[in-house]
Amino acid sequence: MSPGDTLKTLEHHRLVPVVVVDGAEQGLRLAEALVAGGLPVAEITLRTAGGLDAIRAVARDQADVVVGAGTVVTAAQVDAVVDAGARYIVSPGLSRSVVERAQHHGVPVLPGVATPTEIMAALDLGVETVKLFPASVVGGPAALKALAAPFGTVRFVPTGGVSAANLGEYLTLAPVLAVGGSWMVAKRLVDAGEWDQITRLTAEAVDLVKENS
Ligand SMILES: O=C(O)C(=O)C[C@H](O)[C@H](O)COP(=O)(O)O
């Protein structure tokens, strides 16, 4: 899959579940639960020591799932997650070294931005799809609309505080490629092995995306 195709797949699903898992086994179970809910997409974060193993396991055993790496903050982590099979990289902020390392590997990178200056820095680096983070704290859909206005080519993936209650407000905005969020894959559900509940919440979210697209 080319870098452009990966972003097209995210745009097709319009929803990126932000996942925190302890390792390969939880990662695989969670990916199965997401697929069962109709969403073959996962951003597995490096917030846990087992995140990298989970990315590797899902990339190897569940090739239909478009697996990306989240919370990537160093160039060395970019190397590690690409080696593990991550197809896209998400970062909480904008780091030149992370972006350039991802570009070196030919893997799409979504740096986090919260200001016009950061959007311009992303454009300087040749990045036109960014994560708005933390979306609810910087002002939610109204902030996204205002930030996007001067930047006609930029697409956004608002993340942070997105939920079933407000995803429609984001998805109806043209510059929004997809939304990111953790509500359907909450860590407490993962730790409790509530895979059916995760599937149910995922299916509900997928339906909401359809209603709002
Ligand atoms: O870990 C990272 O790299 C992040 O960027 C943070 C996640 O995107 C948010 O934790 C998701 O936000 P919630 O849906 O409000 O939980």
Side-chain angles (χ1 to χ4, degrees), residues 10 13-23 26-27 30 33-34 37 39 41-55 58 66-78 80-82 84 86-95 97-99 101-102 107-115 118-119 122 127 129-141 143-144 147 155-171 176-191 194 197-198 201-202 204-206 208-209 212:
L10 299 185
H13 292 290
R14 302 205 78 200
L15 181 57
V16 180
V18 180
V19 170
V20 179
V21 287
D22 288 336
Q26 273 190 349
L30 187 72
L34 287 168
L39 188 60
V41 176
E43 173 193 329
I44 300 180
T45 69
L46 297 187
R47 286 186 183 210
T48 53
L52 186 63
D53 283 345
I55 292 168
V58 174
V66 182
V67 63
T71 329
V72 175
V73 297
T74 67
Q77 287 176 332
V78 173
V81 300
V82 170
R87 297 203 220 163
Y88 58 96
I89 287 167
V90 187
S91 195
L94 178 77
S95 150
S97 56
V98 165
V99 168
R101 200 70 193 155
V107 173
V109 56
L110 289 84
V113 301
T115 66
E118 290 157 7
I119 296 170
V127 172
T129 303
V130 293
K131 161 178 170 169
L132 180 68
F133 181 74
S136 61
V137 176
V138 304
L144 194 148
L147 279 168
R155 305 294 305 280
F156 293 83
V157 181
T159 306
V162 180
S163 67
N166 65 13
L167 95 167
E169 292 174 53
Y170 288 103
L171 288 177
V176 171
L177 180 110
V179 296
S182 66
W183 77 92
M184 75 304 270
V185 289
K187 184 78 169 76
R188 72 183 159 75
L189 296 176
V190 172
D191 286 341
E194 300 265 7
Q197 173 74 343
I198 289 171
L201 290 169
T202 302
E204 250 174 47
V206 168
L208 277 172
V209 169
N212 287 284

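First listed ligand is number 1; within each ligand, the first listed atom is number 1.
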*Heavy-atom donor-acceptor pair, R14 side chain to V176 backbone, under 3.5 Å*: yes
*Heavy-atom side-chain contact between L46 and I55 under 4.5 Å*: yes
_Residues forming a side-chain hydrogen bond (donor to acceptor under 3.5 Å, both in side chains) with Q26, sequence neighbours excluded_ = D191
*With sequence neighbours excluded, residues passing side-chain contact (heavy atoms from CB on, under 4.5 Å) with V107*: V82, I89, H105
_Contact residues of ligand 1, where a non-hydrogen atom lies under 4.0 Å away_ = V18, R47, T71, P92, K131, F133, T159, G160, G161, G181, S182
*How about V209 and H13: do any of their side-chain heavy atoms sit closer than 4.5 Å?*
no
*Set of residues satisfying side-chain hydrogen bond (donor to acceptor under 3.5 Å, both in side chains) with respect to E194, sequence neighbours excluded*: none
